[in-house]
Amino acid sequence: MNPVTRRVHVRVPATSANLGSGFDTVGLALDYHDELTFTLSDDPADTDAHVNIEGEGAQTLPRNETHLVVSTFRRACRTFGLGRLGFTLEAHNRIPQARGMGSSAEAIVAGIAAAAAFAQEGELNRSAIFDLAATIEGHPDNVAPAVFGGLTVSWDFSTAEGVGSVPIPGGEPLHGGFHTVNYPVDPAITAAVFVPDYELSTEKARQALPATLPYRDAVYNVSRVGLLPAAMNPGVLAAATTASDGSDTDGGVAASVTPSALAATANTLLYTATQDKLHQPYRAALMEPSWNLIERFRSHGYAAAVSGAGPCVLVLHYGDAREAIDAIAAEDLASGHWRALHLPIDTTGVTVERG
């Protein structure tokens, strides 16, 4: 198969996984992006990858076939029926490396989306990109929001040995493997990400987790994670609540719900939904400065959690609280060891431009 274009530009959002209670399940796309341009070589004999990197990782990431974007692109090209292509990769990286903002998921999704854009015209097949990305990453919580945007809840569906899918009455068979559901996010929800000057590998963070957990802790997290979709889109919850008591719901959100009441409901739910007993307490000793900052935010009523495996700190809030959030972290920011990113939620996911 021949490529349908000679150049593809890919834009992939940063992501935050777990969000406190949703360990290895929940992810959120952030309006903060890496941008990569793939340009095919004009020389048929040149089948190498030529990599240029600006921004995050410019001094540490490889510039050869071992670069995660390149190796993923190669694998995806084979999957989509393309031969070995020579190309130049121009990577403009903003997403911090090894900080819990989905840099590896971004690289995987970028490589697959680029290969898909070279292989066929039209809209991206996001489901195919997600399937391959989750398989390569080994877990879906970061790649799902990177592909689809917004809030995602993902799972790995296991079937009995020798059974590839389960028939669903009136619907498509449910196949084994990774799946995800994309939930809407209220545009008033914002994310503050506090980025420290130290790294923490996901592998090391996973090694800190226990082999077993108390039953009551599992129940604790289940009760919290079920609140996340409502916490991220409180207007729908308010409309449903007031509709049940006969209140006016013209316009989609209950007319009787004031903006201040909606904000209070949202922030209460966000605070509760980000509580966790499955992973963060066991990892706290690996990122003491981050954990101290999280506890400080939570003592002031803010929905703070470790972003991914850390060490970034994520604070979710309904409404503009930038000044108040930065004031709580003023000492940390003044130290020069932290920086703050105040970001909207990305609702689009990966995008490509051909030509």
Side-chain angles (χ1 to χ4, degrees), residues 14-30 99-102 105 139-142 144-145 150-155 180-181 183 185-186 189-196 200 202 205-206 208-210 213-214 216-234 237 265-319 321 325 328-329 340-343 345:
T15 56
S16 181
N18 301 328
L19 307 193
S21 60
F23 178 59
D24 270 7
T25 300
V26 178
L28 184 67
L30 305 174
R99 299 293 207 286
M101 292 185 69
H139 49 90
D141 49 340
N142 278 109
L151 177 74
T152 58
V153 178
S154 305
W155 72 99
T180 194
V181 174
Y183 288 93
V185 177
D186 192 303
I189 300 286
T190 59
V193 183
F194 288 82
V195 185
L200 177 62
T202 300
R206 284 198 175 275
L209 300 177
L213 291 161
R216 64 181 180 276
D217 289 352
V219 173
Y220 181 96
N221 269 58
V222 168
S223 69
R224 269 64 175 179
V225 73
L227 297 174
L228 272 171
M232 298 297 285
N233 194 22
L237 177 66
T265 297
N267 288 319
T268 298
L269 286 174
L270 285 170
Y271 185 88
T272 306
T274 51
Q275 291 179 309
D276 164 64
K277 289 189 176 181
L278 293 190
H279 66 106
Q280 293 182 148
Y282 300 102
R283 294 169 163 175
L286 298 177
M287 50 180 120
E288 190 172 338
S290 300
W291 190 246
N292 291 340
L293 184 57
I294 288 170
E295 290 191 315
R296 197 179 321 139
F297 277 124
R298 296 194 70 86
S299 72
H300 285 79
Y302 286 93
V306 176
S307 181
C312 280
V313 172
L314 173 73
V315 183
L316 296 172
H317 192 74
Y318 184 97
I325 288 171
I328 294 171
L341 304 173
H342 292 272
L343 307 171
I345 307 307

Any sub-3.5 Å donor-acceptor pair from Asn233's side-chain atoms to Val185's backbone N or O?
-> no
Donor-acceptor pair, Asn267 side chain versus Tyr318 backbone, under 3.5 Å?
-> yes
Could you check if a side-chain atom of Arg283 sits within less than 4.5 angstrom of a side-chain atom of Leu209, using non-hydrogen atoms only?
-> yes
Atom of Lys277, atom of Asn221 and distance for their closest heavy-atom approach | N-OD1, 2.8 Å
Donor-acceptor pair, side chain of Ser16 and main chain of Leu28, under 3.5 angstrom = no
Correct closest heavy-atom pair for Asp276 and Ser21 would be CB-N, 4.2 Å
Heavy-atom distance under 4.5 Å between the side chains of His317 and Leu270, does that happen here?
-> no
Do the non-hydrogen side-chain atoms of Met232 and Leu316 ever get within less than 4.5 Å of each other?
-> yes
Would you say the side-chain atoms of Arg298 and Thr274 include a donor-acceptor pair closer than 3.5 Å?
-> yes
Examine distances only and state if a side-chain atom of Arg99 and a backbone atom of Pro196 form a donor-acceptor pair shorter than 3.5 Å.
-> yes
Looking at side-chain heavy atoms only, is the closest gap between Cys312 and Val306 below 4.5 Å?
-> no
Only one of Thr180, Asp24, Asn142 clears side chain to side chain donor-acceptor pair (under 3.5 Å) with Ser154; which?
-> Thr180
Minimal heavy-atom distance between Ala305 and Ile294, with the atoms involved, is C-CD1, 3.6 Å
Residue pairs involving residues 271-296 (criterion ring pair (Phe, Tyr, Trp, His ring centres under 6.0 Å); sequence neighbours excluded) | Phe23-His279
For Ile328, check side-chain contact (heavy atoms from CB on, under 4.5 Å) against everything at least two apart and list the hits.
-> Arg296, Phe297, His300, Tyr302
Under the ring-ring contact (aromatic ring centres under 6.0 Å, His included) rule, collect the residues that match up with Tyr183, sequence neighbours excluded.
-> none
Member of Asp141, Leu151, Asn18 meeting the side chain to side chain contact (heavy atoms under 4.5 Å, CB included) criterion with Val26 = Leu151
Less than 4.5 Å apart, any side-chain heavy atom of Trp155 and any of Thr25?
-> no
Shortest non-hydrogen contact between Val225 and Gly22, atoms and distance | CG2-CA, 3.6 Å
The side chain to side chain contact (heavy atoms under 4.5 Å, CB included) partner of Met101 among Leu314, Val195, Thr15 is Val195
Where Pro229 and Gly226 come nearest, the two heavy atoms and their spacing = CD-O, 3.8 Å
Report yes or no: is the cationic atom of Arg216 (NZ for Lys, CZ for Arg) closer than 6.0 Å to the six-membered ring centre of Tyr220, at no more than 45° off its axis?
-> no
